[in-house]
Amino acid sequence: MSSADHQLSSGILSLVLCSLLLLAFAHVQAGPDHTRWLEGPYQTGPDVTQACLACHRRQAEDFSQQAHWNWSEEQELAGRDESVAMGKKNALNNFCIGVPSNWPRCTSCHAGYGWKDEKFDFTNLGHIDCLVCHDTTGDYRKAPTGAGHPEAGLDLTAIARQVGRTSRRSCGSCHFFGGGGDHVKHGDLDSSLATPDRSQDVHMGSDGPDMSCQFCHQTQYHEIPGQAMSVSGGGGLRVECGGCHRGKPHDNETINKHSRSVACQTCHIPSFANQYPTMVWKDWSHAGEDRSVQKDRLGMETFTKKQGEMRWEQSVVPTYAWYNGQSTRYLLGDRIDQTDSTLDLTRPLGSIGQEEARIYPFKVMEGKQPFDIENRYLIIPKLHRGFWDHYNWDRAIREGMPETGLDYSGRYGFIRTRMYWRINHMVVPKEAALQCEDCHSPSGRLDWKTLGYPEDPMRSGSRTIQDH
């Protein structure tokens with residue numbers, strides 16, 4: 001068998017195996033009936049967890065070791081000599097700024113109960129929230145400022161008795177609503193993916209394969225693969241298209257050759273935020289101003305006293321950049337060298353000369369957020385039960401910074417920041433994927449010179465790989 005035939009056979013075999021796995025997965029999706037084991041009554045979330053632990057203590061112990069629980073893991077980051085503990089617990093962003101001092105609001109998306117301050121006990125398995133991932137009713141909700149506890153008035157007994165495997169809706173209860181609301185943060189994750197059709201996402205479409213998140217993010221011992229650039233520099237378990245689509249998935253050999261330089265997502269996700277707009281700009285320097293709420297043509301708020309100025313876009317064409325699987329990450333306390341230019345909180349690494357690098361699609365989020373003028377690092381103010389009550393930046397910073405362990409000089413300003421978010425979801429059917437002229441034409445979407453090509457590679461030729 002030739003090498004080409006072997007690759008083709010490998011690709012076909014991978015697709016067959018994925019199809020069989022999908023059929024098998026559908027049969028077990030609901031999970032076992034728990035009604036005879038969970039009698040109740042349950043008055044609180046922790047009451048339910050105690051009942052779960054009677055049978056599932058080992059699973060809880062497994063979960064307690066994972067980043068979904070600890071919001072932090074030891075990582076090797078590019079450009080740093082030593083590994084660092086990084087995750088949502090201590091990573092800054094330009095949406096909500098940071099978790100320290102804002103715990104009760106931020107931890108409404110933590111899979112636990114009671115994380116209201118830095119004293120939260122991560123070793124106490126009774127604090128785990130099993131329902132947020134395993135609810136199948138769609139009725140379970142966390143209180144927005146309740147440090148992870150459920151909303152009042154829920155029938156927790158009825159909800160607990162119907163627990164099952166995870167679903168797009170249960171995963172999305174947090175991941176669709178990152179950044180403070182639905183369709184704010186990611187761009188390719190929002191509530192439209194709870195029950196999409198295949199035109200919105202060919203994998204998740206309810207009129208297609210109807211895949212759950214877990215089909216790709218296959219979990220062992222409660223370790224969920226997948227690494228968002230906001231909390232990972234590129235290590236850990238990854239989810240890639242090639243897990244199913246191996247070999248040569250296209251009939252056209254020229255298109256197959258593109259995979260040497262172009263990520264699958266680049267052609268197969270022509271745009272994101274297609275149903276709902278996503279936030280692309282947030283200027284905290286205007287928060288606290290006494291102005292009326294303003295909205296744009298999409299009905300989205302462009303100014304509020306609590307949040308400052310915002311900008312939204314819909315059906316967004318991604319920003320394209322080389323990505324080798326690693327990224328930079330600004331960490332709390334990092335010194336800012338240039339305060340008069342844009343500070344990258346995350347940025348993909350890679351170049352045209354790196355063999356492992358591919359052109360990937362990204363959402364770019366920019367904004368302005370507070371920094372310490374004298375100490376030259378970013379600031380985490382106390383927003384929840386702080387700035388949002390009194391609208392005094394200096395006071396909010398003095399309330400928030402002690403929780404970070406960093407000093408505040410007493411002088412603050414606002415610096416422009418930028419984050420890159422890799423686009424992986426909202427994959428369109430193949431007939432809607434990008435065509436040759438979408439990139440290889442005078443009006444094409446790729447800026448070849450920015451990517452390092454002298455001109456369109458259809459004329460100048462493929463990239464040259466650097467020797468290592």
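Along the sequence shown, the residues carry numbers beginning at 1.
In terms of the side chain to side chain contact (heavy atoms under 4.5 Å, CB included) criterion, residue partners of Asp207 (sequence neighbours excluded) are, by chain and number, Asp197, Arg198. For Phe272, the ring-ring contact (aromatic ring centres under 6.0 Å, His included) test picks out no residue, with sequence neighbours left out. Take Arg105 and apply the salt bridge (Lys or Arg N to Asp or Glu O under 4.0 Å) test, not counting sequence neighbours, and it matches no residue. With sequence neighbours excluded, the residues that form a side chain to side chain contact (heavy atoms under 4.5 Å, CB included) with Ala321 are Pro348, Phe362. Shown here are the side chain to side chain contact (heavy atoms under 4.5 Å, CB included) partners of Ser170, two or more places apart in sequence or in another chain: Thr166, Ser167. Considering only residues two or more places apart in sequence or on other chains, Tyr113 meets the ring-ring contact (aromatic ring centres under 6.0 Å, His included) condition with His149. Applying the side chain to side chain contact (heavy atoms under 4.5 Å, CB included) rule to Arg291 yields the partners His286, Glu289, Gln294, Phe303, Glu309; only residues at least two apart in sequence or on another chain are considered.
Listed by first then second residue, pairs satisfying salt bridge (Lys or Arg N to Asp or Glu O under 4.0 Å) with a partner in residues 111-135 read Asp129-Lys142, not counting sequence neighbours. Among residues at least two apart or in separate chains, salt bridge (Lys or Arg N to Asp or Glu O under 4.0 Å) pairs with a member in residues 66-84 are Arg80-Asp334. Residue pairs meeting the side-chain hydrogen bond (donor to acceptor under 3.5 Å, both in side chains) criterion with at least one partner in residues 183-196, sequence neighbours excluded, are Asp182-Ser191, Asp188-His425, Asp190-Ser192. Residue pairs meeting the side-chain hydrogen bond (donor to acceptor under 3.5 Å, both in side chains) criterion with at least one member in residues 398-413, sequence neighbours excluded, are Asp372-Ser409, Glu374-Arg411, His390-Glu399, Asp394-Arg398, Asp394-Tyr408, Arg395-Glu399.
Arg168 is listed as a side-chain neighbour of Pro196, based on a closest heavy-atom distance under 4.5 Å.
At most 12 heavy atoms of other shown residues, nucleotides or ligands fall within 6.0 angstrom of atom CZ in Arg169. Few gaps surround CZ on Arg335; more than 12 heavy atoms of other groups in view lie less than 6.0 Å from it. Around atom NZ of Lys368, no more than 12 heavy atoms belonging to other residues, nucleotides or ligands sit under 6.0 Å away.
Between Met365 and Val280, the shortest heavy-atom distance links the atoms SD-C, 3.4 Å.
Trp103 has its ring centre no less than 6.0 Å from the ring centre of Phe120. Aromatic ring centres of Phe387 and Trp393 lie closer together than 6.0 Å. A distance below 6.0 Å separates the ring centres of Trp69 and His110. No close placement of the Trp281 and Trp312 rings is indicated, their centers lying 6.0 Å or farther apart.
By the 4.0 Å N-to-carboxylate-O rule, Arg418 lies close enough to Asp344 to be salt-bridged with it.
Checked by atom type, the side-chain pair Gln265/Asn424 shows a donor-acceptor distance below 3.5 Å.
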Distance-only donor-acceptor hits, side chain of residues 53-60, under 3.5 Å, sequence neighbours excluded:
unit_1, atom_1, unit_2, atom_2, d
Arg58, NH1, Asp62, OD2, 3.3

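Annotation: cation-pi geometry satisfied between Lys305 and Tyr391 (NZ/CZ under 6.0 angstrom from ring centroid, within 45° of ring axis).
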